[in-house]
Amino acid sequence: MSDRTRTIHDVEELRKELNAAREELAWRSVAVEHVADCRVFRVERHRNIDPRGDRAHDFYLLDAPDWINVVPLTRDGHVVMIEQYRHGTDEVTLEIPGGMVDGAETPREAAARELLEETGYRARRIIALGRARPNPAIQNNWIHTFLAQDVEQICAPSSDGTEQTVVRLISRRDVAHLIARGVIDHALVIVGFHLLDLYEAGVISSAELDES
């Protein structure tokens with residue numbers, strides 16, 4: 001049995017082994033070309049060398065700012081979700097508030113801003129739940145997920161620009177069923193609810209996170 005098939009109980013040990021694997025698996029970049037600026041991301045062509053030899057290949061990557069997701073919970077156990085039209089799928093999806101981290105703002109500040117803009121709700125407290133890579137195959141950014149506790153509506157959602165959202169309150173108890181039935185099908189929204197489950201189960205602690 002090789003080392004890579006054994007069970008690892010120490011998270012930091014596994015993290016060190018993954019970092020060490022870069023020397024064996026990482027491709028070497030020899031050229032980068034900016035192909036297009038698409039406002040919310042830039043397309044880059046990377047010329048990389050295979051570590052198993054000298055073969056060169058082109059890879060197209062999306063250089064994007066970090067994103068945030070917010071799971072807003074009311075005092076009576078509802079999730080403040082939004083209905084939003086998505087051009088990629090030509091569908092109206094059921095999501096949690098989210099968006100890009102703008103300029104010099106922190107992910108936590110972006111979470112509070114997007115929550116207010118997309119729902120008109122404000123939170124008593126915003127807690128970091130963790131971060132994840134949206135698609136490491138072609139993207140270089142993170143998505144940071146936050147829990148917004150004891151949210152209250154203070155104004156109507158802002159529908160400026162190209163976005164238009166409709167607020168829908170969903171019982172926290174119904175979320176798992178809606179995911180299982182495919183009503184909630186946005187992968188990053190599902191990740192957000194999974195992180196919330198881990199937080200509520202005590203598996204992760206906001207005190208250990210540094211996304212603020």
Side-chain angles (χ1 to χ4, degrees), residues 2-5 8 11-12 14-70 82 84-111 113-115 117-118 128-146 160-165 182 184-195 209-212:
S2 69
D3 282 349
R4 287 183 179 174
T5 61
I8 295 179
V11 173
E12 291 307 315
L14 177 57
R15 197 189 308 274
K16 290 178 182 178
E17 293 193 7
L18 289 173
N19 289 334
R22 275 191 54 83
E23 293 192 16
E24 175 187 350
L25 300 176
W27 292 54
R28 179 167 53 89
S29 177
V30 294
V32 178
E33 177 187 357
H34 298 292
V35 177
D37 190 336
C38 302
R39 190 172 61 85
V40 294
F41 61 81
R42 295 191 307 174
V43 181
E44 297 179 344
R45 178 165 52 231
H46 288 236
R47 188 73 169 171
N48 293 348
I49 303 296
D50 191 328
R52 295 166 295 185
D54 295 327
R55 294 180 302 164
H57 297 268
D58 286 339
F59 295 88
Y60 290 85
L61 308 180
L62 303 182
D63 178 31
D66 280 4
W67 302 336
I68 60 90
N69 260 347
V70 191
I82 56 174
Q84 186 171 9
Y85 174 77
R86 290 304 191 181
H87 294 269
T89 56
D90 189 26
E91 295 175 339
V92 173
T93 60
L94 185 61
E95 306 180 9
I96 52 179
M100 295 191 305
V101 179
D102 290 340
E105 70 180 349
T106 66
R108 188 185 301 274
E109 291 168 343
R113 174 181 55 77
E114 290 286 354
L115 173 62
E117 290 177 357
E118 296 191 346
L129 295 180
R131 64 180 187 172
R133 294 289 193 184
N135 187 351
I138 60 171
Q139 292 175 224
N140 60 2
N141 63 331
W142 293 94
I143 183 163
H144 306 260
T145 299
F146 294 86
D160 297 338
T162 59
E163 289 187 334
Q164 182 180 5
T165 58
I184 299 174
D185 61 1
H186 191 312
L188 299 180
V189 173
I190 295 172
V191 167
F193 282 118
H194 178 60
L195 289 174
L209 303 172
D210 60 359
E211 289 86 5
S212 59

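In this chain, numbering begins with 1 at the start of the sequence shown.
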For [Y], is there any backbone N or O sitting under 3.5 Å from a side-chain donor or acceptor partner on [X]?
| X | Y | answer |
| --- | --- | --- |
| Asn69 | Phe146 | no |
| Glu118 | Gly98 | yes |
| Arg55 | Ile49 | no |

Pairing residues for His34 by the side-chain contact (heavy atoms from CB on, under 4.5 Å) criterion, not counting sequence neighbours | Arg42, Glu44

Would you call [X] and [Y] a side-chain contact if the rule is heavy atoms closer than 4.5 Å?
| X | Y | answer |
| --- | --- | --- |
| Asn141 | Asp66 | yes |
| Ile143 | Ile68 | no |
| Glu91 | Arg86 | no |
| Leu115 | Pro97 | yes |
| Tyr60 | Ile138 | no |

Got a second to check how far [X]'s [atom1] is from [Y]'s [atom2], nearest 0.5 Å?
| X | Y | atom1 | atom2 | answer |
| --- | --- | --- | --- | --- |
| Arg47 | Arg28 | CZ | CZ | 12.0 Å |
| Asn19 | Leu14 | CG | CG | 9.5 Å |
| Phe41 | Met100 | CZ | CE | 11.0 Å |
| Leu129 | His144 | CG | NE2 | 12.5 Å |
| Asp185 | Thr89 | CG | OG1 | 7.5 Å |

Looking only at heavy atoms, what is the nearest atom pair of [X] and [Y], with distance?
| X | Y | result |
| --- | --- | --- |
| Pro51 | Leu25 | CG-O, 3.6 Å |
| Leu188 | Pro134 | CD2-CA, 4.1 Å |
| Thr165 | Ile82 | CG2-CD1, 3.9 Å |
| Thr145 | Gly192 | CG2-CA, 3.8 Å |

Given ring pair (Phe, Tyr, Trp, His ring centres under 6.0 Å), test His57 with Trp27 step by step and report yes or no.
-> CA-CA 10 Å; His57 297 268; Trp27 292 54; 5.5 Å; yes

Hits for side chain to side chain donor-acceptor pair (under 3.5 Å) against Glu117, two or more places apart or cross-chain, chain-then-number order -> Arg113

Please list, chain by chain and in numerical order, all residues satisfying side chain to side chain donor-acceptor pair (under 3.5 Å) with Thr93, sequence neighbours excluded.
-> Glu95

NE2 (His194) with more than 12 external heavy atoms under 6.0 Å | no

